[in-house]
Number of protein chains: 2
Amino acid sequence: MMRADAVRNRRLLMDAAAAEFAENGMDVSITRIATRAGIGKGTVFRHFDTKEQLLAEIFSDRLEELVTAGLRLAESDDPGAALFEFMTIGTEIQARDRSFCQAAAALSRSESAVHASRERPADVAETLVAKAQRAGAIRDDITGLDIVLLLSAASQAVLSISEDAPGLWQRYLALIFDSLRPQNAHPLPTAAPTRAQFTG
Amino acid sequence: MMRADAVRNRRLLMDAAAAEFAENGMDVSITRIATRAGIGKGTVFRHFDTKEQLLAEIFSDRLEELVTAGLRLAESDDPGAALFEFMTIGTEIQARDRSFCQAAAALSRSESAVHASRERPADVAETLVAKAQRAGAIRDDITGLDIVLLLSAASQAVLSISEDAPGLWQRYLALIFDSLRPQNAHPLPTAAPTRAQFTG
DNA sequence: TTCAAACATGACCGAGCGGTCCGGTTGATG
DNA sequence: CATCAACCGGACCGCTCGGTCATGTTTGAA
């Protein structure tokens, strides 16, 4: 059982870290984060052994948010729309924090803690895709893993644009939607990535 | 006129830096780069005032490569295929160096030297798009800037996959191709980015 | 109210960074 | 071959970073 002040500080810490990561990228100092949270530097390391672990924890939270939404959408009786909304939510989450998710994704190749938390969204995406394909809403040659990878693609597309382009990511997500529809399907040149490649 | 050893070292330096950036991201130390090039650390700063300038120079080189290809393709009499090949080349260049281009793109918001070098590919893309649209090869509601942004999207999609997935980016580029065809066009929810937003 | 365990704190550490600088070296020039 | 500006190299500087630790403070159960 954690003490009351400990849980309060942990919450403050994660919020401050998320905000700071989002604004200034992954290389903000622990000192900055601690200051923003109104907390001593040492306290940070009481809660998280290392900086990467802190980042992984936040990233994991974000993904859980997506998983929750995905599970709800899996009950929908319009599988095509459900998948599209799943992707919209996922992209919105990533677009919200800009460079943070980018850093986390890049880190997921080396940091296994980050890596593991990416499995669950992939599972959810897999079932959503399967349902949508059975309903004929999307083409047959794509997988759940494709969806997860395309999520970041849409939000990363706008990375080089100036800050104030709110909702621009929706433009590119809409384009990707169009590419998933069965009417336009041309054969894909490369096989889908395997789960082993994703999990590393 | 530069001395012979100076130009030789500059070449060695840029090659080593490009390789190191590609392998280890943007935060490799100058020392590492210098060592890899077999050159003293001080020499690096003789050629490039700052680390960002070095990165900008390399990035600019890559973009020039793309511009050259684009100008050649602008002469083609199959504008649709020309645009697609332009995108293929652009994505290949970015995929070749993985995290490097990501870092450069992120830096382009703050570093004006990097920024300026992105204008020319945008110009070329604009003319390629215009020709392709006149030929009816692609939908009318996208711009040259869209193309430039989508270039990074495809290569960034595979960022969280393990190293050895060569050519996987082609899969997602093919998907994007499908989304550009006029047959599938659904109205886009957000207006295209303006040149001012891009140039910052 | 008491008190031990859990927690917070910030001075402190070693390492590594980007960038500087000057003594020695090299290459073009006549 | 002689000369000298251009060039190279790496010790060096100031600084910031992630992470530790001894000391003081808070909490909650008894």
Side-chain angles (χ1 to χ4, degrees), chain A residues 1-59 99-100 103-104 106-107 110-114, chain B residues 1-59 99-100 103-104 106-107 110-114:
Chain A
M1 183 52 191
M2 283 178 78
R3 259 169 48 172
D5 54 345
V7 312
R8 195 196 55 215
N9 277 344
R10 188 188 171 94
R11 161 63 31 83
L12 284 174
L13 192 57
M14 289 191 64
D15 289 350
E20 207 66 43
F21 279 141
E23 292 173 16
N24 304 68
M26 198 196 60
D27 43 0
V28 291
S29 66
I30 294 281
T31 310
R32 245 186 102 93
I33 294 175
T35 303
R36 176 164 188 152
I39 273 178
K41 182 183 174 183
T43 310
V44 178
F45 289 99
R46 167 167 301 275
H47 289 283
F48 305 95
D49 286 355
T50 177
K51 191 185 181 182
E52 279 76 24
Q53 194 171 108
L54 166 58
L55 190 142
E57 210 91 5
I58 296 174
F59 192 54
S99 42
F100 162 67
L107 205 68
S110 50
E111 192 72 15
S112 56
V114 184
Chain B
M1 183 51 189
M2 283 178 73
R3 256 169 51 174
D5 53 346
V7 314
R8 194 195 57 214
N9 277 344
R10 188 187 170 94
R11 164 59 34 83
L12 283 174
L13 193 56
M14 289 192 65
D15 288 351
E20 208 66 44
F21 279 141
E23 291 173 14
N24 304 67
M26 195 196 61
D27 42 1
V28 292
S29 65
I30 294 282
T31 310
R32 245 186 100 92
I33 294 174
T35 302
R36 177 164 187 151
I39 274 179
K41 184 182 173 184
T43 308
V44 178
F45 290 99
R46 166 166 302 273
H47 289 283
F48 306 96
D49 287 353
T50 177
K51 191 184 179 181
E52 279 75 25
Q53 195 172 109
L54 167 57
L55 190 141
E57 211 91 3
I58 297 173
F59 192 55
S99 42
F100 162 67
L107 205 69
S110 49
E111 192 70 19
S112 56
V114 184

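Throughout, protein chains are lettered first and strands after them, A, B, ... in sequence-line order, and every chain is numbered starting at 1. For clarity, every value in this text was computed on a predicted model and none was experimentally measured.
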K.L.:
Starting at atom CG of Asn9(A), determine the distance to atom C1' of dT25(D), rounded to an integer number of angstrom.
P.N.:
13 Å
K.L.:
Can you run down the salt bridge (Lys or Arg N to Asp or Glu O under 4.0 Å) pairs that involve residues 26-46 of chain B, sequence neighbours left out, and say none if there aren't any?
P.N.:
Glu20(B)-Arg32(B), Glu20(B)-Arg36(B), Glu23(B)-Arg36(B)
K.L.:
Where is the tightest heavy-atom contact between Ala17(B) and Ile58(B), given as atom of each residue plus distance?
P.N.:
CB-CD1, 3.6 Å
K.L.:
Minimum heavy-atom separation for Ala34(A) and Val44(A), please, with both atom names.
P.N.:
CB-CG2, 3.8 Å
K.L.:
How many angstroms lie between atom CG of Leu12(A) and atom CD1 of Ile39(A), to the nearest 0.5 angstrom?
P.N.:
5.0 Å
K.L.:
Holding to side-chain hydrogen bond (donor to acceptor under 3.5 Å, both in side chains), I want the full list of residues that pass it with Glu57(A), two or more places apart in sequence or in another chain.
P.N.:
Arg10(A)
K.L.:
Which pairs with one or both residues in residues 13-37 of chain A pass ring-ring contact (aromatic ring centres under 6.0 Å, His included), sequence neighbours excluded?
P.N.:
Phe21(A)-Phe100(A)
K.L.:
Chain B on DNA chain C: first and last contacting nucleotide, 5' to 3', under 4.0 Å to a heavy atom?
P.N.:
dC17(C) to dA28(C)
K.L.:
Can you measure from CG (Asp15(A)) to CD1 (Ile33(A)) and round to the nearest 0.5 angstrom?
P.N.:
12.0 Å
K.L.:
Nearest 0.5 angstrom please: Glu52(B) CD to Met26(B) CE, how far?
P.N.:
6.5 Å
K.L.:
Can you tell me how far P of dG9(D) sits from CG of Leu12(B), to the nearest Å?
P.N.:
10 Å
K.L.:
Using a cutoff of under 3.5 Å, can you pull out all pairs of nitrogen or oxygen atoms linking the protein to nucleotides 1-6 of chain D, with atom names and distances?
P.N.:
residue	atom	partner	partner atom	Å
dA6(D)	N3	Arg3(B)	NH1	2.6

K.L.:
His47(A) has an atom NE2; how far is it from atom P of dG18(D), in whole Å?
P.N.:
18 Å
K.L.:
Roughly how many Å is it from CG in Asp5(B) to P in dC8(D), rounded to a whole number?
P.N.:
5 Å
K.L.:
What is the distance from atom CG of Leu55(B) to atom OG1 of Thr50(B), rounded to the nearest 0.5 Å?
P.N.:
10.0 Å
K.L.:
Do side-chain atoms of Lys51(B) reach the backbone of Val28(B) as a donor and acceptor pair under 3.5 angstrom?
P.N.:
yes
K.L.:
For DNA chain C, determine which residues of residues 25-39 of chain A have any heavy atom closer than 4.0 angstrom to one of its atoms, and list them numerically.
P.N.:
Ile39(A)
K.L.:
On the side chain of Lys51(A), is there an atom forming a donor-acceptor pair with the base of dG19(D) - under 3.5 Å, no angle test?
P.N.:
no
